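Read the structure below first, then the notes.
Fair warning: this is a prediction, and the values are worked out from it, not measured in the lab. Letters A, B, ... are given to chains in the order of the sequence lines, protein chains preceding strands, and every chain is numbered from 1. Values below: every heavy atom of this structure, side chains too, minus hydrogens, waters and symmetry copies.
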Amino acid sequence: MNLPEFTKNLLNWNQFSNTRQMPWKGETDPYKIWLSEIILQQTRVEQGLAYYEKFISRFPKVQDLALAQDAEVFKYWEGLGYYSRCRNLLATARWVAFENKGRFPPDYEGLLKLKGVGPYTAAAIASFAFAEPRAVLDGNVFRVLSRYFGITTPIDSLTGKKLYAQLAQALMPPDQPGAYNQAIMDFGAVVCKPQAPLCSACVQRTDCEAYRLGVVGDLPVKEKSIKKRTRYFYYFLLKWNDQYYVRQRVGADIWQDLHEWVLIEQAEPLATDSSIYRNLLKKYLGTAKLKQLRVGEEVRQQLSHQTIIGRFITAELTQPLSTETGYQLLSPDALAKLAFPRFITAFSPKP
DNA sequence: AAATCGGGGTA
DNA sequence: TACCCAGATTT
């Protein structure tokens with residue numbers, strides 16, 4: 001077999017030195033592979049692992065997931081982030097179970113049509129479950145190839161994506177696509193890491209262009225940088241009749257489909273004075289009054305594109321709010337079944 | 001082609 | 001703080 005030197009060394013490393021173990025490794029059930037891949041999108045294995053175990057335990061087959069209520073599945077996803085993945089997960093599970101006889105599409109092109117499944121995930125499922133020779137292109141692969149071949153074309157440019165896709169495909173051994181895809185991602189995660197890569201112990205060292213030139217830390221190249229904005233979220237945990245006001249977030253914004261307390265967003269930060277918050281709430285209250293209002297400390301959370309700064313304010317109402325507010329009253333037991341963003345689960349007083 | 005979608009780990 | 005992580009979708 002006439003494989004590239006890179007591929008031979010990679011497979012050799014995989015066979016004799018790769019000790020990385022994960023529950024989905026070697027799995028051929030497309031459901032389990034699909035579930036693991038969706039969970040792991042832009043998510044570290046260590047972070048996604050517990051979620052995968054929980055999901056497989058509660059939803060062993062795609063039918064179990066398809067039959068579940070949205071709220072329960074979102075509760076399982078709570079805290080993992082990128083919640084559109086959960087919405088798409090449900091849509092795909094139901095399509096597979098109810099409209100495709102419980103079968104996942106058996107090839108790359110068919111998999112690509114599934115909601116939440118893009119080029120990476122389709123290639124991963126196709127190669128792992130169906131042994132289709134489709135090279136995966138994830139953050140690990142970009143990094144490994146960029147360094148080994150000394151490629152400075154930005155990985156987030158269109159020409160870069162084409163270049164890397166062609167290269168990755170050319171390096172893949174046609175008879176063992178799954179092992180190759182798994183190996184290059186493991187190699188990127190364990191040896192050719194973003195920071196402090198293990199170059200001195202790397203079996204590809206002698207052929208690595210970035211190592212030869214001493215530019216390992218400069219690769220891969222990205223052209224776009226993200227800019228952040230700061231938002232100020234003031235959450236009111238309003239109690240009436242031993243119940244609390246809550247709503248589900250809708251629209252094109254963070255935390256879509258998750259739940260939250262009465263929210264008043266501000267363009268600027270607010271001080272601690274309780275009068276400020278009484279005034280803010282006035283338009284929601286009608287004739288109702290606030291009792292035992294408490295203003296919490298300022299808290300903050302960093303997201304990829306936003307910094308959320310805010311406070312949690314608790315109060316009891318003397319009357320219920322108008323039904324036109326869009327918020328509904330729920331008991332603590334009912335609230336416990338709903339998914340909330342981390343900002344709330346981490347900082348909010350318990351209802 | 002660019003902008004967004006979370007949350008956590010690391011230097 | 002900035003970058004990264006088994007990316008995908010929308011505009």
Reckon L137(A) touches a base, only the sugar-phosphate, or nothing at all at heavy-atom distances under 4.0 Å? nothing

Note to self: If we ignore hydrogens and angles and just use 3.5 Å, is the side chain of D138(A) paired with the main-chain N or O of N140(A) as donor and acceptor?
What the structure shows: yes

Open item on the list: If you compare every side-chain N and O of Y83(A) against the phosphate oxygens of dG7(B) (OP1, OP2), does one of them come in below 4.0 Å?
Closed with: yes

Atom CG of N140(A) and atom P of dC4(C) are separated, to the nearest Å, by 12 Å

Worksheet item: Are any non-hydrogen side-chain atoms of W77(A) and Y51(A) less than 4.5 angstrom apart?
Response: no

Regarding the side chain of P194(A), the nearest nucleotide among dG7(C), dG7(B), dC4(C) is dC4(C)

query = What's the verdict on side chain to side chain contact (heavy atoms under 4.5 Å, CB included) for Q306(A) and T230(A), showing C-alpha distance, side-chain angles and the deciding distance?
reply = CA-CA 6 Å; Q306(A) 300 182 26; T230(A) 301; over 6 Å; no

Once you measure the plane-to-plane angle for W34(A) and F104(A), does it fall in the parallel (<30°), tilted (30-60°) or perpendicular (>60°) bin?
tilted

Pairing donors with acceptors under 3.5 angstrom, does anything connect the side chains of Q41(A) and T121(A)? yes

Query - Rounded C1' spacing from dA1(B) to dC5(C) in Å - result: 23 Å

Side-chain atoms of M185(A) come closest, of dG7(B), dA6(C), dG7(C), to dA6(C)

When rounded to whole Å, the CG to C1' distance for the pair L89(A) and dT9(C) reads 16 Å

What residues 16-47 of chain A contributes to the DNA chain B interface at heavy-atom separation below 4.0 Å is Q42(A), T43(A), R44(A), Q47(A)

To the nearest angstrom, the CG-P distance between D156(A) and dA1(B) comes to 12 Å

### Task
Quick one: label G79(A) by what it contacts on the DNA or RNA (base, sugar-phosphate, nothing), any heavy atom closer than 4.0 Å.
sugar-phosphate

ask   = Does a donor on one side chain and an acceptor on the other come within less than 3.5 Å for Y108(A) and R134(A)?
value = no

Here the distance between atom P of dA3(B) and atom CZ of R229(A), to the nearest Å, is 13 Å

Sequence neighbours excluded, the answer for side-chain hydrogen bond (donor to acceptor under 3.5 Å, both in side chains) partners of Y277(A) is R311(A)

Separation of dG9(B) atom C1' from L49(A) atom CG, nearest Å, is 15 Å

From CZ of R342(A) across to C1' of dG8(B) the rounded distance in Å is 9 Å

What residues 245-263 of chain A contributes to the DNA chain B interface at heavy-atom separation below 4.0 Å is D253(A), I254(A), W255(A)

Rounded to whole Å, CD1 of I155(A) lies from P of dA6(C) at a distance of 13 Å

> Is Y120(A) side chain donor-acceptor paired with the dG7(C) base, going by distance under 3.5 Å alone?
Replying inline: no

Does the dG6(B) base have a donor-acceptor partner in the side chain of S304(A) within less than 3.5 Å? yes

Is there a side-chain contact between I56(A) and Y31(A) (heavy atoms, below 4.5 Å)? yes

Here the distance between atom P of dG7(C) and atom NZ of K224(A), to the nearest Å, is 16 Å

task = Scan V141(A) against the nucleic acid and name what it touches under 4.0 Å (heavy atoms): base, sugar-phosphate only, or nothing.
result = nothing

Worksheet entry | Spacing of the C1' atoms in dA6(C) and dA11(B) (rounded, Å) | 23 Å

Task: F187(A) and W13(A) aromatic ring geometry - parallel, tilted or perpendicular at 30°/60° bounds - done: perpendicular

Residue pair Q195(A)/G188(A) against DNA chain C: nearer the 5' end by closest nucleotide is Q195(A)

Is a side-chain donor-acceptor pair under 3.5 Å present for T307(A) with Q302(A)?
yes

DNA chain B nearest-nucleotide lookup for I226(A) and T159(A): closer to the 5′ end is T159(A)

Assign each of N88(A) and S225(A) the nucleotide of DNA chain C bearing its closest heavy atom; nearer the 5' end lies the nucleotide of S225(A)

Item to check | Under 3.5 Å side-chain donor-acceptor pair for Q204(A) and Y211(A) | outcome: no

